[in-house]
Chemist: 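Below is the structure I would like to discuss, written out as structure tokens.
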Amino acid sequence: MSENVVHLHKHTEPPTVTTLTVVPDPAPVPPVPLWIRSGRAIRTAITHETTKTTARAMARHSLYVAGGARIVAKRTWDGRTAARYERMLRAAEAAGNFEAAAEWEERGQRFREARHRRRMDLLHSPLDAAKGAAVSAGMGIGGLVLLGIAMAIATKDATEVVTPLMAVTKFINLMITIVRVVWGPAISVGPFLALLALWSVGAHQKAAPNWALPANIRNGEGEPITPSIVVKALRDLGIPALRNAIKEMGDAGASMLSPIRIAGCGVEVDVTLPSGVSTIEVQNRRRKLAENLTRHEHEVFITIPTAARTVRLWIADSGALDEPIGPSPLVTDETLTADYAKGKAPWGQDLRGDAAALSLYQRHLLVTGLSNQGKTAALRALALWLSLDRSVQFWLADLKGAGDWRHFDGIASVLIQGPTDDHVIQATEMAENAVTEMNRRLDVRQKDPAAKFPPLIVLVDEAQVAFMCPAKDEDGRPYGGSKATSRYFMAVRKIHNQGRAVDVLMWQGTQDPTDQNLPKLVREGAHTRASLALGTEQQSRMALGDKAVNGGAAPHLLRQGLDKGTLVVASDGIAIPAGQASITVRTHFIDDDAAEAIAERAKALRDGVTTLHVVDEGEERDPLADIASVIGTAARVRTKDVLARLATLSEDAYGKWSFIDLKRVLDAAGAEPYKSDGVMVVARDRVAAALANRDGDGSASAAE
């Protein structure tokens, strides 16, 4: 009998149950259809870079043939017609070079006359050719017969008479046979040779669309400059003596080159030319040299250093000169100040990318160029920097009158703005007043050689308006012109002659220079001469002088509209590489808002300047009111400064005033000058109170 055992305690852990989970196999991925896989493969193959490069190369070389055919056709057309002369004539007229235009017109006329003679000769040439052929054949046969007779007599064989004729006949037959054999292959190979010649022309000229060209050319990246590329570019300039010398050199011309140096956004290399090659020949081929170097013309600069038979090439990185330069330090550094005597104005950058700073100390200035190229902006940038020197005084005439110089209201003691004859008259009288001030300073300097004077900048923008002004004064003297009777011309000449000795300086901005609107004596009186883009080489010589242009300066090669603000500068006030006569500067552009901010900083440095806007010497003066106006907003002004400002305000009324005259007027009004920090000063509050009391009492003006 079996017995059941009953357990009285409860198991705390449940019995372990093993559960098996069956995971089914994943469903098989359906195969990608063949047409999809084929499409993907085809797309990958088509879009692969190697395929693109190969297709581009095939298209490029095919298009080289078409481009070569076009070039050959154009050359043939130019050679057969006067199209080349017409094209050069239009280019010369567009550049304003009428002498070259006349020369090309004359060459075209000579070509047409010679072509007409050749065509008329063709009318008679068939008959002449037939006669010539008959005569030649007769003489030839007769000569052969005579030769045969001589042979027959010598050999005593009559059959020898026809031997020379038979020999010539056999030779002609042989030539015909050779031609028959060669003619077939020549006909077959000839088209391929012609296509190869056209391809060579197209490949050399890169005659294919931009998308088909290699990446370095398509992206505007010129080839890196190496000695071999420079030598090849020089060899292909079209100068026979240079080409032959390079071929004869054992090192293939490398000995001509100095080491290639990194220079800013480009490279620089000196080239010592072989004997028989002049530097001017290389300078005159600047465009061809640039194209040989895979650069644009404006990206290659040729200057003449001190070494004989040497040219210095500066070659920009492709496209680098089209990139803007940074803002002016005047804009980015609000703590920047100026020092007329020792400082230099931060004007821009040279082609090396280095800062280009200009010293203005005792230097007359001339800035010229075509209209709307940045002349006023370049001139204003210098004036804005110098305005941060509180000792510098400005007398300013803007004969454009467009408001470009409005920021100097409150900085300049005189500000004339407008293009009319009245404004020119005022500008002329301003320049003549500067001559008077210059003479006064010279008199003081004779008595006291150590005397110092505050710098006075007499600035006339759009000075060509003054030189071309037809107005005359009551004595019949013209204000404009370039003769000794011209008032403006003579005032400028006097300042140029003696002004720098006493820090009276003439700054002028003018456009499109000619002998009429910028006389020779005036332009040559400037110590610093700068030019933006110009139209002709003759204008470049007017702007910068023959020495600078002969040394490589070429503002006429700057691109009008594209090289705005780029100046070619000839001056000893700027660092110019040794041996060069000029330097190219890309100036910082300061817009109107930034100019206003800089002008406000300059005004804060000054003791309040009341700007005279209209020069009128004929009106009756109110001395006390004039004293109040020249004091401006300053709390007090030294008496000698008050006298100087009064003389600027009206030379006729106050030019001869002394301290005694000033004290007499102030004492009579109850605004006596007094000492402050050891110097005599005039208080603004005292003068204002005297004016208020006088006007309130209805009293007369201050004592005479």
Side-chain angles (χ1 to χ4, degrees), residues 386-396 406-416 430 433-434 436-437 440-441 452-458 599-617 619-697 699-704:
L386 197 55
S387 70
L388 297 176
D389 184 340
R390 59 183 297 175
S391 67
V392 179
Q393 301 174 2
F394 289 92
W395 294 2
L396 200 153
R406 64 184 182 276
H407 314 294
F408 279 77
D409 191 352
I411 298 176
S413 302
V414 178
L415 179 59
I416 301 166
M430 178 188 74
N433 290 339
T436 302
E437 171 63 13
R440 184 189 68 81
R441 295 184 179 191
K452 301 293 184 182
F453 306 101
L456 173 59
I457 306 299
V458 183
E600 291 300 323
R601 285 159 46 197
K603 294 173 187 177
L605 296 174
R606 298 168 182 263
D607 291 332
V609 175
T610 299
T611 300
L612 179 65
H613 294 273
V614 178
V615 179
D616 187 356
E617 304 293 347
E619 65 179 349
E620 183 178 352
R621 310 300 311 191
D622 182 346
L624 189 59
D626 287 343
I627 292 171
S629 68
V630 299
I631 291 176
T633 59
R636 54 184 176 272
V637 180
R638 292 187 298 180
T639 53
K640 71 173 187 177
D641 290 339
V642 173
L643 287 171
R645 294 177 184 180
L646 287 172
T648 300
L649 185 63
S650 175
E651 179 64 27
D652 289 345
Y654 305 116
K656 297 181 181 180
W657 267 33
S658 65
F659 172 72
I660 296 176
D661 298 312
L662 177 63
K663 186 175 184 302
R664 174 172 54 83
V665 172
L666 293 174
D667 288 348
E672 300 85 353
Y674 63 95
K675 275 195 174 183
S676 176
D677 295 330
V679 296
M680 296 297 293
V681 299
V682 180
R684 181 192 62 187
D685 293 342
R686 292 189 180 186
V687 176
L691 274 173
N693 292 335
R694 185 191 69 179
D695 295 339
D697 296 340
S699 59
S701 299
E704 297 180 355

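Here the structure is a predicted model, which means the values were calculated and not measured. Note that the numbering runs from 1 along the sequence shown for the chain.
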Chemist: Give the minimum heavy-atom separation between A647 and Y654, together with the two atoms involved.
Modeler: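 Heavy-atom minimum between the residues: N-CB, 4.0 Å.
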Chemist: Please list, one pair per line, the donor and acceptor atoms closer than 3.5 Å that link side chains of residues 672-679 to other protein atoms, with sequence neighbours excluded.
Modeler:
| residue | atom | partner | partner atom | Å |
| --- | --- | --- | --- | --- |
| S676 | OG | R636 | NE | 3.3 |

Chemist: Would you say K603's side chain and D409's backbone share a donor-acceptor pair under 3.5 angstrom?
Modeler: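 Judged by distance alone, yes, a pair lies under 3.5 Å.
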Chemist: Quick one: closest heavy-atom pair of A669 and L624, and the distance?
Modeler: CB-CD2, 3.8 Å
Chemist: Residues in side-chain hydrogen bond (donor to acceptor under 3.5 Å, both in side chains) with S391, at least two apart?
Modeler: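 Once residues adjacent in sequence are excluded, the partners of S391 under the side-chain hydrogen bond (donor to acceptor under 3.5 Å, both in side chains) criterion are D389.
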Chemist: More than 12 non-hydrogen atoms from neighbouring residues, nucleotides or ligands closer than 6.0 Å to CZ on R638, yes or no?
Modeler: no
Chemist: Hey, is D661 close enough to R664 for a salt bridge, meaning N to O under 4.0 Å?
Modeler: yes
Chemist: To the nearest 0.5 Å, how far apart are CG in L456 and CG in N433?
Modeler: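 The distance works out to 10.5 Å.
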Chemist: Looking only at non-hydrogen atoms, find the nearest pair between R441 and F453 and report the distance.
Modeler: O-CZ, 3.3 Å
Chemist: Using the rule given for side chain to side chain contact (heavy atoms under 4.5 Å, CB included), can you reason through I627 versus L662, listing the C-alpha separation, both sets of side-chain angles and the distance that settles it, and then say yes or no?
Modeler: CA-CA 9 Å; I627 292 171; L662 177 63; 3.5 Å; yes
Chemist: Can you measure from OG (S387) to CD1 (I457) and round to the nearest 0.5 angstrom?
Modeler: 11.0 Å
Chemist: Do R686 side-chain atoms and L666 backbone N/O form a donor-acceptor pair below 3.5 Å?
Modeler: no
Chemist: Less than 4.5 Å apart, any side-chain heavy atom of S413 and any of M430?
Modeler: no
Chemist: Walk me through whether V665 and W657 qualify under side chain to side chain contact (heavy atoms under 4.5 Å, CB included).
Modeler: CA-CA 11 Å; V665 172; W657 267 33; 3.6 Å; yes
Chemist: Which residues pass the side-chain hydrogen bond (donor to acceptor under 3.5 Å, both in side chains) test with Q393, not counting sequence neighbours?
Modeler: none
Chemist: Nearest heavy-atom pair of R606 and L386: which atoms, and what distance?
Modeler: NH2-O, 4.3 Å
Chemist: With I631 as reference, evaluate D685, D641, V637, V681 under the side-chain contact (heavy atoms from CB on, under 4.5 Å) test and give the passing residue.
Modeler: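 In the set D685, D641, V637, V681, the residue that makes a side-chain contact (heavy atoms from CB on, under 4.5 Å) with I631 is V637.
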Chemist: Can you tell me how far the CD1 atom of I411 sits from the CG atom of L605, to the nearest 0.5 Å?
Modeler: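 Between atom CD1 of I411 and atom CG of L605 there are 9.5 Å.
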Chemist: Locate the shortest heavy-atom distance separating R601 from L388; write the atom from each residue and the value.
Modeler: NH2-CD1, 3.8 Å
